[in-house]
Trainee: 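This structure is in structure tokens; I'll ask about it shortly.
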Amino acid sequence: MENREDLNSILPYLPLLIRSSSLYWPPRVVEALKAMSEGPSHSQVNSGEVLWQAISDMRQSLSLSTRFLAPSASNGYALLFDELIHEQESKRWFNEIIPALAGLLLRFPSMLEMHYQNADSIISGIKTGLRLLDTQQAGVVFLSQELIAALLACAFFCLFPVATRGAKDLPGINFDSLFSTLYESYSESHESKIRCIMHYFERVCSCLPTGTVSFERKILPAESHNSSATAPETDFWSESDISLCAFKVNSSGLIEDQSNNALEVDFANKYLGGGALNRGCVQEEIRFMINPELIAGMLFLPRMDDNEAIEIVGAERFSCYTGYASSFRFSGDYIDKKATDPLKRLRTRIVAIDALCAPKMRHFKKISLLREINKALCGFLNHRRSRQQRNIFIDRGDNEIQLARNDKDSGLSHTETTVPHRAPLNDVDVETNREKPANNFVRDFNVEDCMDHEDDGVATGNWGCGVFGGDPELKAMIQWLAASQAQRPFISYYTFGVQALQNLDQATKWIISHEWTVGDLWNMMLEYSAQRLYKQTNLGFISWLLPSLVTNNNAN
């Protein structure tokens with residue numbers, strides 16, 4: 001175990017210790033967990049106040065200071081369990097749920113050891129073990145739902161080390177800020193966020209799920225690996241002759257309720273999860289509350305660069321809800337009836353892509369448009385193998401990777417060269433996988449393993465147009481272009497009642513009827529954006545493109 005590169009990369013961020021090839025809790029933590037697992041008569045943990053004291057004692061046993069935790073976390077745990085929830089519910093938590101979570105954590109070391117024993121055999125030649133998937137490190141991690149439950153139990157008990165996470169651009173993972181915010185600025189919406197998490201624990205403690213969830217960092221190749229580098233360039237998009245895919249406008253409904261097996265877009269923060277474990281309560285944060293297994297990715301996935309996306313497959317939904325932002329409310333149990341694939345993942349595919357924040361007029365600059373369309377392409381691109389349609393050679397002398405692709409298969413129409421000096425090749429060692437196609441655009445997964453499905457469309461909406469302040473009309477077109485270039489068969493777009501998109505359905509139908517290509521629409525967007533920048537127009541894109549359409553609708 002000590003020689004495993006994957007384990008060694010994540011071990012500094014786990015509360016476990018390793019000795020003689022075994023993972024273990026310190027003895028005092030084992031004592032505390034055993035006492036809690038036997039109920040409040042043994043542990044005396046029968047209130048939120050005492051629970052926090054037990055958490056503090058366990059962190060001390062792990063040589064972890066509580067000074068790195070949110071200062072009001074203790075008050076938050078006490079407020080929830082001692083005042084907000086009904087007395088009977090509180091008793092149930094201390095008599096049943098807390099003991100079950102403690103029992104889960106007692107099994108955590110052996111569970112993790114078993115994970116590493118199996119990690120190398122899930123997909124031949126591909127590393128899938130839990131590890132730090134650093135920025136510009138393409139790769140995938142497979143976790144059982146049981147292991148995820150244990151990781152989230154660690155987060156509930158605030159047992160993860162904190163001090164070193166910032167240096168690696170990792171988001172927070174412990175639940176201290178979630179509870180601290182409940183105390184410092186109480187709201188019903190925030191209480192509902194915690195109730196979603198509580199409901200998740202109640203469900204998994206009554207019946208542990210047996211499926212799998214995968215977390216993948218996807219990367220577009222760039223000339224240099226830094227946050228300002230994106231690929232492809234403007235000419236790639238201007239010259240694309242790929243046809244635009246079908247576009248369906250939904251004036252009502254929610255992305256997570258779509259029934260077309262589409263790739264569901266998470267309007268993400270560059271730090272996965274955004275404010276899910278803090279004050280946030282918009283699209284990404286809500287998704288992380290109703291599908292809490294998504295939170296596990298926050299443990300090992302640092303912030304995304306401009307040419308990166310994160311795809312999560314198999315996260316189960318546990319909660320129903322109503323409302324949005326301040327009106328968000330937990331509304332009960334949700335039974336996820338999605339089918340599973342051969343890798344035991346629910347067929348829920350969520351892709352996290354982060355938009356530019358507060359772009360204002362900067363949104364209309366070519367470099368910003370290019371950044372957004374490449375970010376969406378990275379998220380939407382079909383990552384599947386096609387040996388017959390790719391010719392790949394690797395010059396090991398200068399680490400140059402040249403990839404010639406069929407544009408209809410991969411969504412790329414040019415031969416490109418990338419020179420990532422120390423960049424990993426999808427975590428697959430070149431020497432041991434010389435016969436397998438490997439590149440940073442398309443993962444080397446077998447189609448039969450269902451790592452991707454060519455018939456999956458994209459379900460999305462006003463990405464980056466809420467608190468991030470993006471332009472809804474441009475973002476709709478950008479996502480349409482990216483989905484089309486990625487050879488997705490359709491885009492299902494949820495407008496959420498935004499006034500600026502009232503003519504979106506008619507506009508997309510007009511564009512499709514005129515058989516525009518990706519290049520045609522991209523070039524028109526560039527022309528429009530230049531006019532906006534130079535104050536030659538202040539119209540929205542649809543009004544500028546089709547003034548007669550808007551005039552006719554106004555007349556009616």
Side-chain angles (χ1 to χ4, degrees), residues 213-214 216 218 244-268 272 274 282-291 293-294 309-317 319-321 324 334 336-341 345-355 372-373 375-384 411 450-466 468 470 472-498 501 504-505 507-509 512:
V213 183
S214 66
E216 181 179 7
K218 300 161 66 172
L244 292 166
C245 67
F247 196 110
K248 180 184 179 182
V249 176
N250 302 279
S251 56
S252 62
L254 300 168
I255 293 171
E256 61 267 24
D257 293 331
Q258 62 85 27
S259 58
N260 294 312
N261 289 328
L263 189 68
E264 300 172 6
V265 177
D266 165 18
F267 306 162
L272 184 68
V282 288
Q283 197 258 9
E284 179 172 38
E285 290 87 0
I286 290 173
R287 194 66 198 265
F288 274 58
M289 294 300 103
I290 64 173
N291 295 66
E293 291 164 335
L294 297 171
I310 292 170
E311 185 170 320
I312 302 171
V313 183
E316 184 173 350
R317 180 175 172 182
S319 296
C320 293
Y321 75 97
Y324 190 80
Y334 181 91
D336 199 328
K337 297 181 180 179
K338 287 279 183 72
T340 57
D341 68 14
R345 302 173 303 173
L346 290 174
R347 292 183 183 271
T348 299
R349 309 176 67 85
I350 298 170
V351 61
I353 51 175
D354 57 299
E372 298 294 77
I373 197 168
K375 171 66 73 167
L377 177 64
C378 183
F380 300 165
L381 197 67
N382 278 298
H383 283 210
R384 60 191 176 89
C450 297
M451 288 302 296
D452 203 5
H453 307 277
E454 58 182 314
D455 58 341
D456 283 352
V458 175
T460 189
N462 308 319
W463 168 53
C465 299
F468 275 28
E473 294 173 79
L474 279 186
K475 282 293 172 61
M477 297 298 143
I478 284 170
Q479 293 181 89
W480 190 15
L481 289 168
S484 302
Q485 188 68 35
Q487 295 291 291
R488 296 287 177 180
F490 66 87
I491 186 168
S492 187
Y493 196 97
Y494 294 81
T495 63
F496 303 107
V498 170
L501 299 177
L504 180 61
D505 188 41
T508 54
K509 286 178 179 175
I512 288 175

Trainee: Could you report the tightest heavy-atom contact between R349 and D456, atom names first, then the distance?
Mentor: CD-OD2, 3.1 Å
Trainee: With sequence neighbours excluded, tell me which residues meet side-chain hydrogen bond (donor to acceptor under 3.5 Å, both in side chains) with E264.
Mentor: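 Counting only residues at least two positions away or on another chain, E264 forms a side-chain hydrogen bond (donor to acceptor under 3.5 Å, both in side chains) with Q258, R287.
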Trainee: Going by ring-ring contact (aromatic ring centres under 6.0 Å, His included), name the residues that satisfy it together with F247, two or more places apart in sequence or in a different chain.
Mentor: W480, Y493
Trainee: About how many Å separate CG of N291 and CG of D336, when rounded to the nearest 0.5 Å?
Mentor: 7.0 Å
Trainee: Would you name the heavy atoms of A482 and I373 that are closest together and state the gap between them?
Mentor: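 Looking at all heavy atoms of both residues, the shortest contact is CB-O, 3.9 Å.
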Trainee: So does V282 get a backbone contact from the side chain of Y324, meaning a donor-acceptor N/O pair under 3.5 Å?
Mentor: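 Side chain of Y324 to backbone of V282: no pair is present.
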Trainee: Restricting to salt bridge (Lys or Arg N to Asp or Glu O under 4.0 Å), what partner residues turn up for E284, sequence neighbours left out?
Mentor: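 Here no residue qualifies.
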Trainee: A355: what forms a side-chain contact (heavy atoms from CB on, under 4.5 Å) with it, not counting sequence neighbours?
Mentor: E372, W463, F468, K475
Trainee: Which residues satisfy the salt bridge (Lys or Arg N to Asp or Glu O under 4.0 Å) test with D266, sequence neighbours excluded?
Mentor: none
Trainee: Is a side-chain donor or acceptor of E311 paired with a backbone partner of V351 at a separation under 3.5 angstrom?
Mentor: no
Trainee: Compare all side-chain heavy atoms of V213 with those of V313 and state whether any distance is below 4.5 angstrom.
Mentor: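 In short, these two side chains do not touch, never coming nearer than 4.5 Å.
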Trainee: Can you name the residues that form a salt bridge (Lys or Arg N to Asp or Glu O under 4.0 Å) with K509, not counting sequence neighbours?
Mentor: D505
Trainee: Evaluate I255 against F496 for side chain to side chain contact (heavy atoms under 4.5 Å, CB included), listing each step before the verdict.
Mentor: CA-CA 10 Å; I255 293 171; F496 303 107; 4.2 Å; yes
Trainee: Looking only at heavy atoms, what is the nearest atom pair of V458 and A483, with distance?
Mentor: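 Shortest heavy-atom contact: CG2-CB, 4.1 Å.
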Trainee: What verdict does the side chain to side chain contact (heavy atoms under 4.5 Å, CB included) test give for N462 and L501, after you've listed the backbone C-alpha separation in whole Å, the side-chain angles of each residue and the deciding distance to 0.1 Å?
Mentor: CA-CA 10 Å; N462 308 319; L501 299 177; 3.0 Å; yes
Trainee: Judged by atom type as modelled, is there a donor-acceptor pair below 3.5 Å linking the side chain of K218 to the main-chain atoms of G379?
Mentor: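 Yes; judged by distance alone, with no hydrogens or angles, the pair exists.
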Trainee: May I ask you to check whether S214 and R345 show a side-chain donor-acceptor distance below 3.5 Å?
Mentor: yes
Trainee: Can you find a heavy atom in the side chain of N250 that is under 4.5 Å from one in the side chain of K248?
Mentor: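 Counting from C-beta outward, N250 and K248 do come under 4.5 Å.
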Trainee: Please enumerate all residues that pass side-chain hydrogen bond (donor to acceptor under 3.5 Å, both in side chains) together with S319, with sequence neighbours excluded.
Mentor: none
Trainee: One pair to check against side chain to side chain contact (heavy atoms under 4.5 Å, CB included): T508 and I491. What are the steps and the verdict?
Mentor: CA-CA 11 Å; T508 54; I491 186 168; over 6 Å; no
Trainee: Considering all heavy atoms of both residues, which atom of L294 and which atom of A315 are nearest to each other, and what is their separation?
Mentor: CD2-CB, 3.7 Å
Trainee: Okay, side chain of R488, backbone of C245: is any donor-acceptor separation there less than 3.5 Å?
Mentor: no
Trainee: Under the side-chain hydrogen bond (donor to acceptor under 3.5 Å, both in side chains) test, which residues partner K338, sequence neighbours left out?
Mentor: T348
Trainee: Can you name the closest pair of heavy atoms from P472 and V498 and give their distance?
Mentor: CG-CG1, 4.1 Å
Trainee: I'd like to check the salt bridge (Lys or Arg N to Asp or Glu O under 4.0 Å) partners of E473; sequence neighbours left out, ordered by chain and number.
Mentor: none
Trainee: Does Q479 have any side-chain hydrogen bond (donor to acceptor under 3.5 Å, both in side chains) partners at least two apart in sequence or in another chain, and if so, which?
Mentor: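 Partners of Q479 under the side-chain hydrogen bond (donor to acceptor under 3.5 Å, both in side chains) test: T460.
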Trainee: Report the C-alpha distance between F267 and D354 in whole Å, list the side-chain angles of each, state the deciding distance to 0.1 Å, and finish with yes or no for side chain to side chain contact (heavy atoms under 4.5 Å, CB included).
Mentor: CA-CA 6 Å; F267 306 162; D354 57 299; over 6 Å; no
Trainee: Between atom CG of L244 and atom CE of M477, what is the distance when rounded to the nearest 0.5 Å?
Mentor: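 The CG atom of L244 sits 9.5 Å away from the CE atom of M477.
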Trainee: Looking only at heavy atoms, what is the nearest atom pair of A309 and C378, with distance?
Mentor: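 Heavy atoms only, the tightest pair is N-SG, 3.5 Å.
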Trainee: Under the rule for side-chain contact (heavy atoms from CB on, under 4.5 Å), what residues qualify as partners of Y321, not counting sequence neighbours?
Mentor: L254, E256, I286, I290, R317, F328
